[in-house]
Amino acid sequence: MARISWKEKKKNKEVLEEIGLKHTELLKTIKTRQLAYYGHIRPHQSLQKSIMEGKINRKRQRGRKRKSWLGNTEETTTRRINECCEVALDREEWRRTIASNLWQETEQR
């Protein structure tokens, strides 16, 4: 975006001011892109989908359970993951879901 190297050791706040973004706008952009990516991956049978859904068998690590993509999707859309899976198969409906989510977040602030 602004071609700022990590070697410059600028703080996030300085970079956001330089770009002209607010912290909330950045979070909104991240959430939108995550939802768009979920809608892109969901219909396909792929490694990314398996990873995202957490269907890889391994021993669970100690400590607090990490947030998952699906958990973030549920939290962002305020829908159960089963609903999200069904809606994501219909592209137009999923796009409306993303757009309505953005509208609700903007309205809350």
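In this structure, OG1 on Thr76 lies 5.5 Å from CG on Leu35, to the nearest 0.5 angstrom. The distance from the CG atom of Leu89 to the CH2 atom of Trp94 is 10.0 Å, given to the nearest 0.5 Å. Considering CD of Glu74 and CD of Glu83, their distance stands at 9.5 Å, rounded to 0.5 Å. Considering CZ of Arg3 and CD of Glu8, their distance stands at 12.5 Å, rounded to 0.5 Å. Taking NZ from Lys13 and NZ from Lys11, the interatomic distance works out to 9.5 Å, rounded to the nearest 0.5 Å. The OG1 atom of Thr77 sits 9.0 Å away from atom OH of Tyr38, with the distance rounded to the nearest 0.5 Å.
The side-chain heavy atoms of Arg79 and Val87, taken from C-beta on, include a pair separated by under 4.5 Å.
The salt bridge (Lys or Arg N to Asp or Glu O under 4.0 Å) check on Arg95 picks up Glu92, with sequence neighbours excluded. Residues meeting the side chain to side chain donor-acceptor pair (under 3.5 Å) test with Glu75, sequence neighbours left out: Lys67.
With respect to the salt-bridge test (charged N to carboxylate O, under 4.0 angstrom), the residues Glu93 and Arg96 qualify.
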Steps toward side chain to side chain contact (heavy atoms under 4.5 Å, CB included) verdict (Gln34, Thr73): CA-CA 8 Å; Gln34 283 179 336; Thr73 304; over 6 Å; no
